[in-house]
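Down below is the structure, laid out as C-alpha cells.
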Number of protein chains: 2
Amino acid sequence: MKLADTYKALGDPVRLKMVERLSKNPAYTLGALSKGLGVTRQGARKHLVILENARIVRLVPGGRETKVLLNGASLNKASSFISELGRAWDVRLEALRAFSEQHVESQDL
Amino acid sequence: MKLADTYKALGDPVRLKMVERLSKNPAYTLGALSKGLGVTRQGARKHLVILENARIVRLVPGGRETKVLLNGASLNKASSFISELGRAWDVRLEALRAFSEQHVESQDL
DNA sequence: GATTCATGCAACTTATTGGTTGCATAATGA
DNA sequence: TCATTATGCAACCAATAAGTTGCATGAATC
C-alpha cells in the first residue's frame with residue numbers, strides 16, 4: 001500500500017468524517033458509524049472498505065455486528081510524511097531568503 | 001477549500017511526487033517539473049491545477065515560463081490535522097487500556 | 001523577421017469513484 | 001420457531017478524473 005493511497009483515502013468528506021468520529025470514539029459498529037453521513041449503509045460500507053485497504057481502519061466481524069477500529073500507526077505515518085515535506089520546504093525557503101539578503105548586500109557594495 | 005480536498009490532492013502518485021520534488025527544490029518551472037513523471041506535459045499541468053486549487057502550490061506566470069511554488073502553510077495544516085486525530089486516538093486508546101486493567105483488577109478481587 | 005521554446009486551452013476517450021437498489025444470510029430475542 | 005437486526009454481496013448508473021492529441025499564442029533567440 002503506497003502512501004498516496006492513504007491520502008487518497010482521507011480525501012473524501014465522508015471518509016474523513018468517519019476517521020474523525022473514530023478518533024473520538026474507538027468503539028463503533030459498522031452500522032452506527034454509517035449513520036448521519038448522508039449516504040446509505042451500503043454506500044458507507046464502500047468507504048469503509050477503502051479505509052480498510054489503506055490500513056487506516058480495521059473491520060472486525062463478530063457475531064451479528066462488525067466493529068470498526070482505527071489504526072493510529074497509519075495516521076502517524078501519513079502525518080509525519082507531510083510534516084517532513086513541510087520541514088524540507090522551510091529549510092529551502094530559509095536558504096532562499098539568506099541568498100536574497102546576500103544578493104542585496106552585494107548590490108550595496 | 002475543504003481539508004478533504006487537500007488530502008485528495010495529495011492522493012495521487014504523480015502529484016505527491018511533484019510536491020516531494022518541490023519540497024527539495026522550490027524553484028521549478030512548470031516544464032521542468034512536468035518531466036520524468038510518465039505523463040505528458042498537458043497531463044502534468046492538469047495535476048498542477050488540482051494542486052493549485054487545493055492551495056498546495058501556486059502557479060506564477062512570467063515571461064515565457066511559469067514558476068511553480070510550494071505553499072508550506074497548506075501542508076502544515078494538513079499535517080497537523082492528521083496528527084490531532086492520531087493524538088485523540090492515542091488518548092482514547094490509553095483510556096481503554098486503563099479501563100481494561102481496572103477491569104482485570106476487579107476480577108482479581 | 002523567422003524560428004524555437006514554454007506554455008495555455010479545448011475536445012475527446014476511458015477508467016475510476018461514489019452512489020443507489022435489491023436480495024441473501026447469519027445471529028439475536030421473544 | 002419466527003421476526004428482527006446487522007450485515008455482506010452484486011448489478012447497475014451517473015459523475016468525475018486521468019490521460020491523450022491537436023492547435024494557438026506570446027516570449028526569447030538568432
Please report the end-to-end axis angle for the helix from C:dG1-D:dC30 to C:dA30-D:dT1, five pairs per end, rounded to 10 degrees.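 The helix from C:dG1-D:dC30 to C:dA30-D:dT1 shows an end-to-end axis angle of 30°.
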Just the table, please: protein N/O against nucleotides 26-30 of chain C N/O, every pair under 3.5 Å.
| from | atom 1 | to | atom 2 | distance (Å) |
| --- | --- | --- | --- | --- |
| C:dT28 | O4' | A:R64 | NH1 | 3.4 |
| C:dT28 | O4' | A:R64 | NH2 | 3.4 |

Is the shortest side-chain heavy-atom distance between [X] and [Y] below 4.5 Å?
{"X": "B:L85", "Y": "B:F81", "result": "yes"}
{"X": "B:L69", "Y": "B:V57", "result": "no"}
{"X": "B:T29", "Y": "B:V68", "result": "no"}

Which heavy atom in B:A9 sits nearest to a heavy atom in B:L51, and how many Å separate them?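 Taking every non-hydrogen atom into account, O-CD2, 4.0 Å.
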Whole Å only: how far is the [atom1] atom of [X] from the [atom2] atom of [N]?
{"X": "A:K8", "N": "C:dT16", "atom1": "NZ", "atom2": "P", "answer": "9 Å"}
{"X": "A:D12", "N": "C:dT16", "atom1": "CG", "atom2": "C1'", "answer": "13 Å"}
{"X": "A:K17", "N": "C:dG18", "atom1": "NZ", "atom2": "P", "answer": "18 Å"}
{"X": "B:E65", "N": "D:dA27", "atom1": "CD", "atom2": "P", "answer": "13 Å"}

Near DNA chain C, under 4.0 Å by heavy atom, which residues of residues 31-48 of chain A?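 Per residue number, the list reads A:V39, A:T40, A:Q42, A:G43, A:K46, A:H47.
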With heavy atoms under 4.0 Å as the rule, sort A:K67 into base, sugar-phosphate or nothing.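 Nothing, no heavy atom under 4.0 Å.
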Strictly distance-based, threshold 3.5 Å: is any side-chain N or O of [X] a donor or acceptor partner for the main-chain N or O of [Y]?
{"X": "B:R15", "Y": "B:K8", "value": "yes"}
{"X": "B:S79", "Y": "B:L75", "value": "no"}
{"X": "B:R21", "Y": "B:L33", "value": "yes"}
{"X": "B:S74", "Y": "B:R55", "value": "yes"}

To the nearest 0.5 Å, what is the distance between OG1 on A:T6 and CG on A:N53?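 So the OG1 of A:T6 and the CG of A:N53 are separated by 11.0 Å.
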Once the angle between the rings of B:Y7 and A:Y7 is folded into 0 to 90°, is it parallel (under 30°), tilted (30 to 60°) or perpendicular (over 60°)?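 It falls in the parallel class, under 30°.
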Determine, for A:R87 against A:E84, whether the closest basic-nitrogen to carboxylate-oxygen distance falls under 4.0 angstrom.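 Here A:R87 pairs with A:E84 in a salt bridge, since their nearest N and O are under 4.0 Å apart.
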Whether B:T66 contacts C:dG8 is assessed here as follows: a side-chain N or O lying under 4.0 Å from the phosphate OP1 or OP2. Is that the case?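 Yes.
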